[in-house]
There are 2 protein chains.
Amino acid sequence: MLTPKQLGKLPGIGRALRSASIKDIARLAGVSHSTVSRALRGGVLVRDETASRIRKIAEEVGYRPSAAARSLVSGHSDTIGVVVTNVADPFVAGVVRGIEDRAEEHRYAVFLANSNADPDREVRVVRAFEERRVDGIIVTSSRVGALYVPVMERMRVPIVLLNNQHASHFAHSVMIDNTKASLEVTRHLIQLGHRHIGYIGDRSGHQSDTERLAGYRHALEGAGIPFDPSLTIQGDGRPEGGGIAMARLLQLNRLPTAVFCYNDMTALGAMRQIRLHGLRVPHDISVAGFDDLYLDEYLDPPLTTVHQPMREMGRIAMQTLLNIFTGESNSHNVRVEGRLIVRGSTAAPKEEQ
Amino acid sequence: MLTPKQLGKLPGIGRALRSASIKDIARLAGVSHSTVSRALRGGVLVRDETASRIRKIAEEVGYRPSAAARSLVSGHSDTIGVVVTNVADPFVAGVVRGIEDRAEEHRYAVFLANSNADPDREVRVVRAFEERRVDGIIVTSSRVGALYVPVMERMRVPIVLLNNQHASHFAHSVMIDNTKASLEVTRHLIQLGHRHIGYIGDRSGHQSDTERLAGYRHALEGAGIPFDPSLTIQGDGRPEGGGIAMARLLQLNRLPTAVFCYNDMTALGAMRQIRLHGLRVPHDISVAGFDDLYLDEYLDPPLTTVHQPMREMGRIAMQTLLNIFTGESNSHNVRVEGRLIVRGSTAAPKEEQ
DNA sequence: TTGCGTATTGCACACGTGTGCAAGACTTGG
DNA sequence: CCAAGTCTTGCACACGTGTGCAATACGCAA
């Protein structure tokens, strides 16, 4: 152990105004800071005895290299930035977990920032990332993809979009195959015997909404069922909007016998609205969602949905950045497949009365 | 705009190997880098005309100050670290959102790291935070609070614990009043007429579990109902554990008429198990939870629970750090009150047969 | 002993930003 | 026209780490 006197050699360390630097260790070991740097990094150009002495002192003073100083000279920060609309959204939280998983494996630190779907805030967030010199950026579910183009030009920082709009303008993206998955859901409903199927979407203009609607229409078409615009209603991707939209569907003269919802949160609100109307799922109306949130199987009835591998998608997004860092690839556009999961919320329609 | 020739004066900028620094701007403006620094910071010691010329150039080259260089000299990073067990847990996600909200308001960046309840990983995470010189740390729901004591000693970094064990060993914490809230829940069940009430807890050893159990027992005591150990079963804080625990309660000779669950996730599993047994909530068994997750009111029946203001608790934790940074306070132990929310999952017990 | 090669270490500069001090330019008053 | 004061700017160093180059010390062969 170091004596208090030795510690006294380090001005400020005793009372810890700042943490120990390699210069402090150099002073204690009686060598130059260069030697300390080499001993703690490679150790190749330093005599074994000297190196181990230095390492011992470093251990004793609890030395931690300053990432800021290191990144200043190395040119990279070993840090990435993640912009999300809202971490409290369970889909987003799952994605973030996957990102962080893989980042931690490779010793990258993760900055997390909520945009709250507010463009001004998104601008501030991106500016903060620029100042912190993140090595890469991942953006989930943003509507303002265009915002990131100048950032890429200026910083030359790779940006991976995850389920974003306008992903095609970017070199890197991870997207779920919305059209195919919603085609499967709708086909499932058709196979059960439904021919009067509603669709509750997200706010208009969202690419994923457009694609899911396209899959729905494609399935109807394939089965020779005419598309009925009155059965397609906008929601907001949350239970509130799902409930309101469902209420409108329930005012139609001829009720749908099944409803496909943009996502599970929307389905949650729709199912509640159906219950409030005194109807039962799936006896009166079948309901299907999208995402496969953890809670789906605990609902009554459990929700039929599309499994979207959120955590895996987060991992892929981070892996894409890692591949770019190591130069293993220049362009990445990953298309992830969804998987239909049939549970109790969908069933054959009751007999026509 | 700058001509390509002017841009050529900046080696590497044209092809953007690194972003522009104040030295680059100084060269373009024909002044020293000190003048640029002053112009872009305060602007007080610089002639107006010079300052505006510099600002214009900075704008044109898309200058962003390097946080690393700045923090090296300033001694603070304007960054905090958040350690969570798992972001995908909706309670945790809510807290993180609150933290990030307030941090963004004050221009602090947030590092997020999952520990996955793995002590080794938690150690690595904290080491990474040390190297990045975070100005403060917030830890949620960790079981290894003791880990952070040496970190505080070494870095002198303020640490705020949120719903952690052993919070009493630390100067700063934000906790919900578990005992009082669970006392209220249990009293609510007693007032409905229940006298045979089960409790499904978290894994043993968790402080919050101990406190919630204490509130439960206290309420029973106050009503003159003897404590029956066979009605108290361990879960794991997740639906799976809640289901398994409930299955054991359902094997008792005399079934409980109500069950108070450690949290809503546990209640989710318990309710499902009750349905699988062919019984109904609340007709046969009432169920209450803890947390008030967004999905509670969309369940069938909607879940009676304790509202835990997760987002607000996150904000308070961040605010505590900010207060410490500005020297406004030295010690902070905030106790947040829960609020009983009665919904459809609790009702009077059916008539004794 | 001398010469040469190698192992070990220190010097000095770089990264980008901030700031105390001094020097120069300019203004104002007499 | 000169002196004193103010305004504006540059120099030089600091923060903590990394690294090319030179210097020194050591071992070994001739």
Side-chain angles (χ1 to χ4, degrees), chain A residues 10-13 16-55 57-58 61-78 130-133 135 155, chain B residues 10-13 16-55 57-58 61-78 130-133 135 155:
Chain A
L10 309 172
I13 293 297
L17 294 177
R18 44 171 247 274
S19 44
S21 71
I22 53 172
K23 289 186 186 175
D24 298 317
I25 297 174
R27 221 168 300 146
L28 289 172
V31 296
S32 75
H33 80 274
S34 324
T35 304
V36 176
S37 174
R38 281 189 273 255
L40 298 179
R41 293 280 294 169
V44 201
L45 293 169
V46 187
R47 189 153 48 121
D48 282 355
E49 192 263 338
T50 313
S52 61
R53 182 160 47 98
I54 289 173
R55 275 194 290 268
I57 294 177
V61 300
Y63 171 72
R64 293 282 181 276
S66 157
R70 186 175 279 176
S71 95
L72 206 54
V73 30
S74 73
H76 51 87
S77 61
D78 298 340
E130 289 186 84
E131 298 193 354
R132 301 224 160 44
R133 300 290 190 270
D135 294 333
M155 289 184 71
Chain B
L10 309 173
I13 292 297
L17 295 178
R18 44 172 248 274
S19 44
S21 72
I22 53 172
K23 289 186 186 176
D24 299 317
I25 297 174
R27 220 168 300 145
L28 289 172
V31 296
S32 75
H33 80 276
S34 325
T35 303
V36 176
S37 174
R38 282 189 272 256
L40 297 179
R41 294 280 293 171
V44 199
L45 294 167
V46 187
R47 188 155 49 122
D48 282 355
E49 192 262 337
T50 313
S52 61
R53 182 162 46 99
I54 289 173
R55 275 195 289 268
I57 295 177
V61 299
Y63 171 72
R64 293 282 181 278
S66 157
R70 186 174 279 175
S71 94
L72 207 54
V73 30
S74 74
H76 52 87
S77 61
D78 298 341
E130 289 187 85
E131 298 194 356
R132 301 236 165 29
R133 301 288 191 270
D135 294 333
M155 289 183 71

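Every chain is numbered from 1, with letters handed out A, B, ... down the list of sequences.
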Engineer: What is the distance, rounded to the nearest whole Å, between atom CZ of B:Arg47 and atom C1' of C:dA25?
Structural biologist: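 In whole Å, C:dA25 C1' and B:Arg47 CZ are 10 Å from each other.
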Engineer: Can you tell me how far the CZ atom of B:Arg47 sits from the OG atom of B:Ser52, to the nearest 0.5 Å?
Structural biologist: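 B:Arg47 CZ to B:Ser52 OG: 9.5 Å, rounded to 0.5 Å.
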Engineer: Which residues pass the side-chain contact (heavy atoms from CB on, under 4.5 Å) test with A:Ser34, sequence neighbours left out?
Structural biologist: A:Ser32, A:Arg38
Engineer: Which angle, to the nearest 10 degrees, lies between the helix axes at the two ends of the helix from C:dT1-D:dA30 to C:dG30-D:dC1, each defined by five pairs?
Structural biologist: 60°
Engineer: Determine all donor-acceptor pairs shorter than 3.5 Å in which one atom belongs to a side chain in residues 62-72 of chain B; sequence neighbours excluded.
Structural biologist:
{"unit_1": "B:Arg64", "atom_1": "NE", "unit_2": "A:Glu130", "atom_2": "OE2", "d": "3.2"}
{"unit_1": "B:Ser66", "atom_1": "OG", "unit_2": "B:Ala68", "atom_2": "N", "d": "3.3"}
{"unit_1": "B:Ser66", "atom_1": "OG", "unit_2": "B:Ala69", "atom_2": "N", "d": "3.1"}
{"unit_1": "B:Ser71", "atom_1": "OG", "unit_2": "B:Ala68", "atom_2": "O", "d": "3.3"}

Engineer: Rounded to the nearest 0.5 Å, what separation is found between the CD atom of A:Glu49 and the CD1 atom of A:Ile54?
Structural biologist: 9.5 Å
Engineer: A:Ile22 pairs by side chain to side chain contact (heavy atoms under 4.5 Å, CB included) with which of A:His33, A:Arg41, A:Arg27?
Structural biologist: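 With A:Ile22 as partner, side chain to side chain contact (heavy atoms under 4.5 Å, CB included) holds for just one option, A:His33.
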Engineer: Less than 4.5 Å apart, any side-chain heavy atom of B:Val61 and any of B:Asp24?
Structural biologist: no
Engineer: At under 4.0 Å between heavy atoms, how does the protein contact nucleotides 15-22 of chain D? Give one character per nucleotide, 5' to 3', with B, S or -.
Structural biologist: BBBBBB--
Engineer: What is the distance from atom OG of A:Ser74 to atom NE2 of A:His76, rounded to the nearest 0.5 Å?
Structural biologist: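 These two atoms lie 3.5 Å from each other.
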Engineer: Touch check for A:Thr50, heavy atoms < 4.0 angstrom, all strands: base, sugar-phosphate only, or nothing?
Structural biologist: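 The answer is sugar-phosphate, as A:Thr50 gets under 4.0 Å only of primed atoms, P, OP1 or OP2.
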Engineer: Scan B:Val31 against the nucleic acid and name what it touches under 4.0 Å (heavy atoms): base, sugar-phosphate only, or nothing.
Structural biologist: sugar-phosphate
Engineer: Once rounded to the nearest 0.5 Å, what's the spacing between atom CD of B:Glu131 and atom OG of A:Ser19?
Structural biologist: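 The OG atom of A:Ser19 is 10.5 Å from CD of B:Glu131, to the nearest 0.5 Å.
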